[in-house]
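Scope of the values below: all heavy atoms of this structure, side chains included, with no hydrogens, waters or symmetry mates. Numbering of ligands and ligand atoms starts at 1, following listing order.
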Amino acid sequence: MTNSANRFSTLPDADALLEFDQRHIWHPYSSATNPTPTFVVERCEGSYIELSDGKKLIDGMGSWWCTIHGYNHPRLNAAAEKQLKSMSHVMFGGLTHRPAVELCQKLVALTPSNLERVFLADSGSVAVEVALKMAIQYQASRGKSNKAKILTVRRGYHGDTFGAMSTCDPINGMHHLFARSMPTHFFADEPPMGIDRPLTPHDLASARSILEVHHKEIAALIIEPIVQGAGGMRFYSAEYLSALKALCEEFDILMIADEIATGFGRTGQLFAVNHADVQPDIMCLGKAITGGYMTLAATLCSEEVATTISQGEAGVFMHGPTFMGNPLACAVACESIELLLETDWQSNVTRIETKLEELLGPLRSAEYIADVRVLGAIGVVELENSVSLNDIQPALVAEGIWLRPFGKLVYMMPPFNMSDEELSILCKGTANVLEKLHKN
Ligand SMILES: *Cc1c(COP(=O)(O)O)cnc(C)c1O
């Protein structure tokens with residue numbers, strides 16, 4: 001059977017879908033006139049994505065950090081089906097329900113002990129908007145309305161809406177394009193790379209000097225703890241994070257930990273702040289919160305932040321999404337968290353860490369590879385030169401692998417239950433593709 005005959009047997013109109021897609025549909029960071037290759041997915045199961053032509057790809061991306069238990073998980077499916085039968089959605093203004101309460105109980109119990117109030121948001125970017133607004137309303141409510149700017153570090157990523165975008169790395173985020181309509185904030189030097197790198201006095205000099213001059217204008221610091229994700233897949237030390245927290249306290253600003261990518265075990269701790277034993281004032285969660293089933297996020301804050309806001313001019317916190325606390329998403333999130341805690345997730349993440357290091361580490365010696373770094377269930381291969389998606393994505397797919405490299409970064413964050421054998425296929429296949437591309 002030819003490839004195209006096979007494709008028609010499983011999905012008669014895959015070509016037609018693609019044609020319409022390319023003609024009418026935006027994809028993440030996509031071009032309407034020069035689209036990158038796009039593949040039609042039929043179904044997903046465990047660690048695999050099945051394309052319309054029947055080809056199965058081993059998924060190294062966990063659908064962008066989300067899928068921690070693998071696709072099509074019977075427990076998560078059952079939780080969604082059960083919830084569907086009572087209600088998939090009901091408004092959250094004036095009403096509450098079991099899935100939201102149970103989820104928030106879990107979040108309060110699992111996150112650092114000072115975080116006691118939960119705001120349920122509908123995506124990571126919205127959770128960041130909520131966090132920024134909380135920090136600004138908090139400062140205004142204590143009579144410090146001048147403290148309305150945000151401090152962050154370079155190479156960060158916090159989402160794509162205006163507020164979130166304004167705290168992303170100004171170069172990666174092409175801030176100049178939006179300069180006339182976007183708030184401007186303060187950017188300290190990026191954290192020095194290396195989980196075990198000892199802190200030097202120089203490391204915090206840039207953040208300190210900004211704070212010395214501008215602390216009266218700054219409401220909060222926002223940072224991705226330990227792992228900077230989309231801004232460069234950079235890992236930095238717990239010591240650095242602790243020192244930043246101390247600076248926040250010294251200069252009377254809040255700390256917002258953006259754990260949207262790192263939360264729920266990815267880095268080897270349930271939350272990345274746990275590496276440093278830091279208690280942020282505000283924390284954003286998202287991505288893996290529903291095990292990759294649907295969109296949901298949360299912003300937690302301390303009692304001090306919550307009560308101060310509530311005693312301020314507005315008397316309320318000024319945010320309320322239509323789909324706030326969506327019961328279907330909350331029910332699946334509850335089940336995903338239970339599943340995570342029931343399994344020995346930490347051993348699993350350590351197993352993946354060891355395996356990724358064993359399989360990807362040897363690539364360090366190749367001349368076209370600049371660096372290989374591994375932390376928890378995250379593996380990063382940094383190339384010497386940028387690679388085009390048009391070249392690498394079809395080559396990876398031909399090898400039976402799903403990865404979505406960007407720039408010089410080929411990286412993976414597999415589901416925690418990916419087997420050793422599947423990890424081998426994933427890493428060896430990736431290495432083969434990189435070598436082939438290099439030779440061409
Ligand atoms: C993905 C991400 C966001 C944005 O989340 P969306 O759900 O895509 O809006 C924010 N912060 C970090 C650290 C992320 O990785």
What protein heavy atom sits nearest atom 8 (O) of ligand 1, and how far off is it?
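Here the closest protein heavy atom is S125 OG, 4.4 Å.
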
Atom 15 (O) of ligand 1: the protein heavy-atom neighbour that sits closest, reported with distance to 0.1 Å:
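For atom 15 (O) of ligand 1, the nearest protein heavy atom comes out as K287 NZ, 2.6 Å.
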
Using a plain distance cutoff, I'd like to know if G124 has any nitrogen or oxygen under 3.5 Å from a nitrogen or oxygen of ligand 1.
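Between G124 and ligand 1, an N or O pair is found under 3.5 Å apart.
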
Has ligand 1 got any nitrogen or oxygen that is less than 3.5 angstrom from a nitrogen or oxygen of W65?
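No; every N/O pair is 3.5 Å or more apart.
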
When you measure from atom 11 (N) of ligand 1 to each heavy atom in D258, L285, I222, which option holds the nearest one?
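The option holding the nearest heavy atom is D258.
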
Mode of Y157 contact toward ligand 1 - side chain, backbone, both, neither (heavy atoms, under 4.0 Å):
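Looking at Y157 and ligand 1, atoms from backbone and side chain both fall under 4.0 Å.
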
We want to know whether [X] and [Y] form a side-chain donor-acceptor pair, criterion being a heavy-atom distance below 3.5 angstrom.
X: T67; Y: Y293; answer: no
X: K133; Y: H319; answer: yes
X: D258; Y: Y157; answer: no

Could you tell me which atoms of ligand 1, counted from 1 in the order shown, lie closer than 4.0 angstrom to a heavy atom of G159?
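In order of number, 4 (C), 10 (C).
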
May I ask you to list the atoms of ligand 1 that are less than 4.0 angstrom from any heavy atom of H158?
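Those atoms are 10 (C), 11 (N).
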
Given K56 and E45, is the salt bridge (charged side-chain N to carboxylate O under 4.0 Å, His left out) satisfied, shown in steps?
CA-CA 10 Å; K56 288 187 180 161; E45 176 81 40; over 6 Å; no

Does a side-chain heavy-atom distance below 4.5 Å link L204 with Y240?
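Counting from C-beta outward, L204 and Y240 do come under 4.5 Å.
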
Examine distances only and state if a side-chain atom of S336 and a backbone atom of A333 form a donor-acceptor pair shorter than 3.5 Å.
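It does not hold such a pair.
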
